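Shown next, in structure tokens, is the structure this report addresses.
Since this is a predicted model, take the numbers as computed values, not measurements. All residue numbers refer to positions in the sequence shown, counting from 1. Note that these values count all heavy atoms, side chains included, but never hydrogens, waters or copies made by symmetry. As the structure lists them, so they are numbered: ligands from 1, and atoms in each ligand from 1.
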Amino acid sequence: MEILTTTAEMMRWSANMQAARMRVALVPTMGFFHAGHISLMEMASQKADQVVVSLFVNPAQFGPGEDLTSYPQAFERDVAQARQAGVAVLFCPEPAEMYPPGFQTSVVVAGISQKLCGKSRPHHFGGVTTVVSKLFNLVRPHYAVFGEKDFQQLAVIRRLVVDLNIQVEIIGHHLVREKDGLAMSSRNAYLDRDERQQALCLWHGLQAARQHAMAGERRSAEIIKIVRDVISQHESCAIEYVEIINKDTLESRAIIDEDVILALAVRIGRTRLIDNGCLLHGEDHV
Ligand code: PAF
């Protein structure tokens, strides 16, 4: 596995792959790999001849007071895991390499970036779409694989590639859970033992919503109330949002059907966690 740190090296590698007619898949990450990341890499290698994983904690997608400086890192472990997963290139630039002096451009998908997580993190998706656009230009992948835990991010990126005619196939990979149901996230590392237990309220809320929907409840407002009640039982859990939305447009839906998902964001102490799932059929990849 090659470890590349400069944009020039990355572009040279991509040009060589194009000349050799190799199909390339990109997995953008911020590192601190868990089983969810590894499954993205595995899916990428099923699709393409060569897999590039980017490992870049992107300052542009963190707001003031967010966890940019404390974001968990384990570089040597990540390198070993990426190598083990058969990755061809680990691209890990420094911030100054991606945003050199004079950098002035941002790529913003309006509309869906402002819903859900965008309400409390108004500049987050602009930072994501800017860095992902740069990565697409540097790597020129045929495929790019993103996890469905960040459901809104995936929808924003799908919109980005359609709107800007970017020639890459976006592949969503199902959310991966711990054995007890907690959605895998690098940020789970922030949770202490008690918070880790309380964090299960996202999964329990989703399960309660599913049970009621499958038993025939179709009113979103009722289901949202049930989820809020489950979460509110935990003192240190503060709900940011619980919404039932169309899975393509992310518009709120008053009535539950096959096309909706439940999406939620909850703060457990100082850790912000998100989760989502379909209501009328389980996606229990636990
Ligand atoms: O999902 C993430 O880890 C990040 O938002 C991404 C897509 C790597 C962009 O920095």
Side-chain angles (χ1 to χ4, degrees), residues 4-5 7 10 25-41 43-44 51-63 66-75 78 81-82 85 87 89-99 103 105-109 112-113 116-118 120-139 141 143-161 164 166 168-176 183-190 263 265 271-276:
L4 304 182
T5 57
T7 54
M10 191 65 253
L26 170 67
V27 182
T29 80
M30 299 207 298
F32 204 68
F33 297 154
H34 50 67
H37 291 112
I38 306 304
S39 57
L40 303 183
M41 296 175 205
M43 175 168 264
V51 176
V52 176
V53 172
S54 61
L55 191 172
F56 179 59
V57 182
N58 173 33
Q61 68 189 73
F62 290 80
E66 290 187 350
D67 56 341
L68 172 61
T69 51
S70 56
Y71 197 82
Q73 295 189 28
F75 184 69
D78 287 351
Q81 290 190 331
V87 168
V89 170
L90 191 64
F91 177 52
C92 29
E94 289 295 323
E97 181 69 18
M98 291 296 268
Y99 303 115
F103 187 92
T105 302
S106 61
V107 180
V108 173
V109 178
I112 57 172
S113 294
L116 303 170
C117 296
S120 66
R121 307 185 76 194
H123 304 295
H124 171 69
F125 289 112
V128 170
T129 40
T130 300
V131 81
V132 168
S133 302
K134 277 181 73 87
L135 291 168
F136 286 164
N137 285 332
L138 293 166
V139 178
Y143 309 97
V145 188
F146 294 86
E148 288 178 353
K149 183 178 75 67
D150 296 293
F151 198 85
Q152 186 176 9
Q153 169 171 280
L154 181 57
V156 168
I157 287 165
R158 287 193 196 283
R159 191 72 253 165
L160 167 79
V161 303
L164 297 189
I166 301 175
V168 57
E169 185 183 325
I170 302 300
I171 299 169
H173 186 283
H174 67 73
L175 188 157
V176 181
M184 287 195 184
S185 165
S186 302
R187 289 190 167 100
N188 291 348
Y190 297 146
T271 308
R272 183 179 179 280
L273 299 179
I274 55 174
D275 203 337
N276 70 76

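Atoms of ligand 1 lying under 4.0 Å from any heavy atom of V131, numbered from 1 in the order shown and given with element: 9 (C), 10 (O). Residue P28 has at least one heavy-atom neighbour below 4.0 Å for each of these atoms of ligand 1: 8 (C). Close approach of ligand 1 to T29 is summarised as follows: ligand atoms under 4.0 Å from at least one heavy atom of the residue are 8 (C).
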Could you go through the side-chain contact (heavy atoms from CB on, under 4.5 Å) check for V27 and M43 one step at a time?
CA-CA 10 Å; V27 182; M43 175 168 264; over 6 Å; no
Could you go through I171 and F146, starting from their C-alpha distance and side-chain angles, then the distance that decides it, and tell me whether this counts as side-chain contact (heavy atoms from CB on, under 4.5 Å)?
CA-CA 6 Å; I171 299 169; F146 294 86; over 6 Å; no
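The protein heavy-atom contact nearest to atom 10 (O) of ligand 1 is Q61 OE1, 2.6 Å. Scanning all protein heavy atoms for the shortest distance to atom 3 (O) of ligand 1 gives M30 CG, 3.5 Å. Protein heavy atom closest to atom 1 (O) of ligand 1, with residue, atom name and distance, is Q153 NE2, 2.9 Å.
Between T129 and S113, every side-chain heavy-atom pair lies at or beyond the 4.5 Å cut-off.
The pair D275-K149 does not meet the salt-bridge criterion, since no charged nitrogen lies less than 4.0 angstrom from a carboxylate oxygen.
With sequence neighbours left out, the salt bridge (Lys or Arg N to Asp or Glu O under 4.0 Å) criterion links E66 to R121.
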